[in-house]
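What you are looking at is a predicted structure, and each value in this text was computed from that prediction instead of being measured. Note that ligands are numbered from 1 as they come in the structure, with each ligand's atoms numbered from 1 the same way. Side chains included, hydrogens not; waters and symmetry mates left out as well; all remaining heavy atoms used.
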Amino acid sequence: MACFAVTPVADMQETLRITEIFHSLQGEARTAGLPTVFVRLTGCPLRCQYCDTAYAFSGGENLPLSEILERVAGYQSRRVCVTGGEPLAQPNSVALLRRLCEAGYEVSLETSGAFDVSDVDARVSRVLDLKTPGSGEVARNRYENIALLTHHDQMKFVLCSREDYDWAVSKLIEYRLDSRVGEVLFSPSHGQLEGRELADWIVADNLPVRLQLQLHKVLWNDARGR
Ligand code: SF4
């Protein structure tokens, strides 16, 4: 007699490897200071020298999308930020982003800029990094992504030095980023470039960018889950 193994329902569902889900204040970008639920996906193929989320490179737990949505709903927040690691390194992240939008959340995605963002739901505000030479990962930039961005999206540079600043200004001009996206964010790499110094450069050059200081680090330093 043939014997058929029964696959549990949970195993047939789409899953994602998740490092943590928590509720805090958004520390970056356009919605800085607003209460937000964070879904941090596990894994990233990049190794930026300033990375502050190396704990998300491995570990985590596999969760069905339905359970992720359930946990997010438990916080009763209207904003959700999907972050990492690199969320788009897991193909099912695209489905999670879509389902969060369908559930009525205001959704943002933080991505390294090394992956194709064309399949991301248009309702999501994509916060796309352009990695600078000082990051050690400039070769991973996928410049084709820039043409896909709109005023609903944001572009972020984490700057380690004056050389990084000059490089970022050259990209700002080359791609006319300020007219393409809603916000161009210049952020000093923590411990490597003083915020005040970066502020002085931005003012001196009258740049159409927003200085971004990581609010969560000002408030809670590097505490996890904050
Ligand atoms: S892309 Fe982000 S998570 Fe990945 S190494 Fe760089 S800073 Fe860390």
Listed protein N/O/S atoms, distance to atom 6 (Fe) of ligand 1 under 2.8 Å
Cys48 SG

With a 4.0 Å cut-off on N to O distance, would you call Arg99 and Glu102 a salt bridge?
no

From Ile18 CD1 over to Thr42 OG1, what is the distance, rounded to the nearest 0.5 angstrom?
6.5 Å

Salt bridge between Asp200 and Arg196, side-chain N to carboxylate O under 4.0 Å?
no

When you compare the side chain of Leu130 with that of Tyr143, does any pair of heavy atoms fall below 4.5 Å?
yes

Straight-line distance of Leu63 CG to Leu69 CG, nearest 0.5 Å
11.0 Å

Ligand-residue contact atoms, ligand 1 with Gly85, heavy atoms, under 4.0 Å:
3 (S)

Salt-bridge contact Arg71-Glu61 (side-chain N to carboxylate O under 4.0 Å)
yes

